[in-house]
Amino acid sequence: MQNESSLRIAIQKGGRLSEKTLSLLENIGLEFDNYKNRILVPCRNYDVELLLIRDDDIPEYVQDGICELGFVGHNVTAESRADVTHLRALGFGKCRLAVAAPKNSPIKSIKDLDGSRIATSYPVLTREHFEKQGLHIKTIEISGAVEIAPTLDVADAIADIVSTGGTLKTNGLVEVETILESEAELIQTNQPIPADKQELIQKFLMRMGARQQAEKSRYIMMNAPSDAVEEICRIIPSLKSPTVLPLAENDLVAIHSVIPTQQFWEVMEELKAAGASGIVILPIENMIV
Ligand code: PRT
Ligand code: ZN
């Protein structure tokens, strides 16, 4: 039995997004026991329970209010046309829904596909994409191994999820056009939510925000001659002005700051050139700005 006041969150059971979703939940302090082989998993230290289901079912469960929140690929939500609210993009599960055709075929642009057959597991998004451009196609709905359809002459081209592009290459296919860019997202029901659950959602989102902010940043510490501080402050793209502490050794200072994760390698070279030494870069667990 579900505790009436528990927030219910749908996540994918045993798929590409499962591990990252569970580690995201654990990183914001939620502890779950023994989620293997279970569908409903209670949380030990937060008033929440997880519903582990196939990703295709998540948008509908959230739409119908069976779960207040869901973690799912944007491609799945968009294809489902479910009436839900997008809350956050999560930065993992990045991929795209793309049209691809056999390398040796005369199909070079989307216009060359007018009147053709397209194999896909995403018929709604695919049809809409072609219709918008005034092109007529026939979608052949296939639930797996879509990339083999042109070889079997089941279709002239495909519309499928692409990540590295390796699968297309192996099957002699080349991308013609992107239909949709996607990543994992957090969605919320549009059904009425009681006040106590709203409050749980707000707290949950605050924790997620703090974690996402922390992941975007690194804590950097270094020593430098005091006359290099000005140059170092120019180089560090810090969120706040750096802390500068005098050291016992003559004319040396310690500089501490927070920098965007993606910049830390380039910055490190510049800092060394400016006279910094003993540079230490640390991950940040949580960050409330
Ligand atoms: O069983 P269930 O229905 O829950 O899972 P599923 O088999 O439908 O989905 P799953 O677990 O494969 O993927 C879940 C989600 O991960 C997708 O809905 C996307 O949002 C996201 N994602 C990210 C991907 C990929 N990358 C991906 N590469 N989903 C599928 N692929 C497949 C793609 O279909 C193709 O077969 O990987 C192949 C292409 O990969 P590359 O790297 O060779 O281009
Ligand atoms: Zn699925």
Side-chain angles (χ1 to χ4, degrees), residues 8-25 32 35-41 50-64 66-67 69-82 84-103 118-129 139-152 154-155 157-188 208 212 215:
R8 197 180 267 166
I9 304 177
I11 74 166
Q12 190 190 16
K13 183 181 177 67
R16 270 171 213 265
L17 303 181
S18 309
E19 205 177 303
K20 287 217 165 117
T21 305
L22 282 164
S23 74
L24 186 156
L25 295 171
F32 302 96
Y35 39 72
K36 293 208 167 63
N37 306 320
R38 293 181 69 171
I39 295 173
L40 267 176
V41 182
L50 300 180
L51 181 67
L52 280 83
I53 50 180
R54 285 198 61 187
D55 65 348
D56 314 69
D57 297 331
I58 294 175
E60 209 165 311
Y61 272 61
V62 173
Q63 169 182 271
D64 297 347
I66 294 162
C67 299
L69 300 176
F71 286 87
V72 66
H74 177 62
N75 50 309
V76 176
T77 314
E79 176 70 17
S80 75
R81 290 281 180 265
V84 295
T85 298
H86 163 96
L87 289 182
R88 298 261 163 99
L90 301 169
F92 62 87
K94 289 191 178 168
C95 57
R96 57 195 178 275
L97 175 63
V99 180
K103 195 168 53 187
I118 310 226
T120 186
S121 311
Y122 294 84
V124 173
L125 290 169
T126 303
R127 273 198 295 269
E128 181 192 72
H129 185 77
T139 50
I140 314 287
E141 209 171 324
I142 297 180
S143 59
V146 174
E147 62 278 0
I148 201 76
T151 307
L152 301 177
V154 174
I158 66 165
D160 199 13
I161 297 296
V162 181
S163 168
T164 61
T167 305
L168 293 185
K169 206 168 171 197
T170 309
N171 288 280
L173 300 165
V174 287
E175 270 181 85
V176 176
E177 190 160 281
T178 298
I179 296 179
L180 181 86
E181 294 283 353
S182 180
E183 64 185 274
E185 65 179 354
L186 176 63
I187 54 171
Q188 182 180 312
M208 269 186 62
Q212 281 185 313
E215 275 166 5

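One is the number of the first residue; the rest follow in order along the sequence. In each ligand, atom 1 is the first atom listed, and ligand 1 is the first ligand listed. Note that the structure is a prediction, hence the values are computed from the model and not measured.
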*Tell me: protein heavy atom nearest atom 14 (C) of ligand 1, and distance?*
D55 OD2, 3.6 Å
*asked:* Is there a polar contact between ligand 1 and S163, counting only N or O atoms under 3.5 Å apart?
replied: yes
_If the cut-off is 4.0 Å to any non-hydrogen atom of T164, which atoms of ligand 1 fall inside it?_
41 (P), 42 (O), 43 (O), 44 (O)
*Right, does atom 7 (O) of ligand 1 have protein non-hydrogen atoms nearer than 4.0 Å?*
no
_For D160, the ligand 1 atoms whose distance to one of its heavy atoms is below 4.0 Å_ = 34 (O)
*Above 12 or not: heavy atoms from other molecules or residues under 6.0 Å from CD1 of I39?*
no
*Got the closest protein heavy atom to atom 35 (C) of ligand 1, with its distance?*
I161 O, 3.5 Å
*Does any N/O atom on G165 come nearer than 3.5 Å to any N/O atom on ligand 1?*
yes
*If hydrogens are left out, which of I58, L17, N75 has an atom nearest to atom 20 (O) of ligand 1, that is, the closest non-hydrogen atom?*
N75
*Expected output: side-chain T139 to main-chain I118 donor-acceptor under 3.5 Å*: no
_Can you check the angle at the Zn ion (ligand 2) formed by OD1 of D55 and OD1 of D56? Round it to the nearest 10°._
80°
*Which distance, rounded to the nearest 0.5 Å, do you find between the NZ of K169 and the NZ of K103?*
8.5 Å
_Atoms of ligand 1, numbered as shown, that sit under 4.0 Å from any heavy atom of G166_ = 43 (O), 44 (O)
*For G73, take its heavy atoms, then give the atoms of ligand 1 lying under 4.0 Å from any of them.*
20 (O)
*If you round to the nearest 0.5 Å, how far is CG of L69 from CD1 of I58?*
11.5 Å
_Under 4.0 Å from a heavy atom of V76: which atoms of ligand 1 are those, numbered in the order shown and with their elements?_
18 (O)
_Region of Q12 engaging ligand 1 - heavy atom pairs below 4.0 Å_ = side chain
*At what distance is the nearest protein heavy atom to atom 26 (N) of ligand 1, and which residue and atom is it?*
C95 CB, 3.6 Å
*Would you confirm whether E183, through its side chain, and G91, through its main-chain N or O, come within 3.5 Å as a donor-acceptor pair?*
yes
*Just jot down the ligand 1 atoms closer than 4.0 angstrom to any heavy atom of T167, in number order.*
38 (C), 39 (C), 40 (O), 41 (P), 43 (O)
*Looking only at non-hydrogen atoms, which of K94, R54, R96, E147 approaches atom 1 (O) of ligand 1 most closely?*
R54
*Would you check the N or O atoms of H74, main chain and side chain alike, for any that come under 3.5 Å of an N or O of ligand 1?*
no
*What is the distance from atom CD1 of I158 to atom OG1 of T126, rounded to the nearest 0.5 Å?*
10.0 Å
*Got an N/O contact under 3.5 Å between S182 and ligand 1?*
no
_Could you tell me, atom by atom, which parts of ligand 1 come under 4.0 Å of a heavy atom of G15?_
11 (O)
*Out of curiosity, I161 CD1 to R16 CZ, how far, rounded to the nearest 0.5 Å?*
9.5 Å
*Taking atom CD of E175 as the centre, does the number of heavy atoms from other residues, nucleotides or ligands within less than 6.0 Å exceed 12?*
yes
*asked:* Contact between V162 and T167 at the side-chain level, heavy atoms closer than 4.5 Å - yes or no?
replied: no
*Is T170 close to E147 at the side-chain level, that is, under 4.5 Å between some pair of heavy atoms?*
no
*Is the number of heavy atoms from other residues, nucleotides or ligands within 6.0 Å of CD (Q212) greater than 12?*
yes
*Write down the atom of S18, the atom of Q12, and the distance for their closest heavy-atom approach.*
OG-O, 2.7 Å
*Please indicate whether K20 has more than 12 foreign heavy atoms, meaning atoms of other residues, nucleotides or ligands, lying under 6.0 Å from its NZ.*
no
*Identity and separation of the nearest protein heavy atom to atom 12 (O) of ligand 1*: R16 NE, 3.0 Å
*Number the atoms of ligand 1 from 1 as they appear, then name those within less than 4.0 Å of a heavy atom of V162, with their elements.*
44 (O)
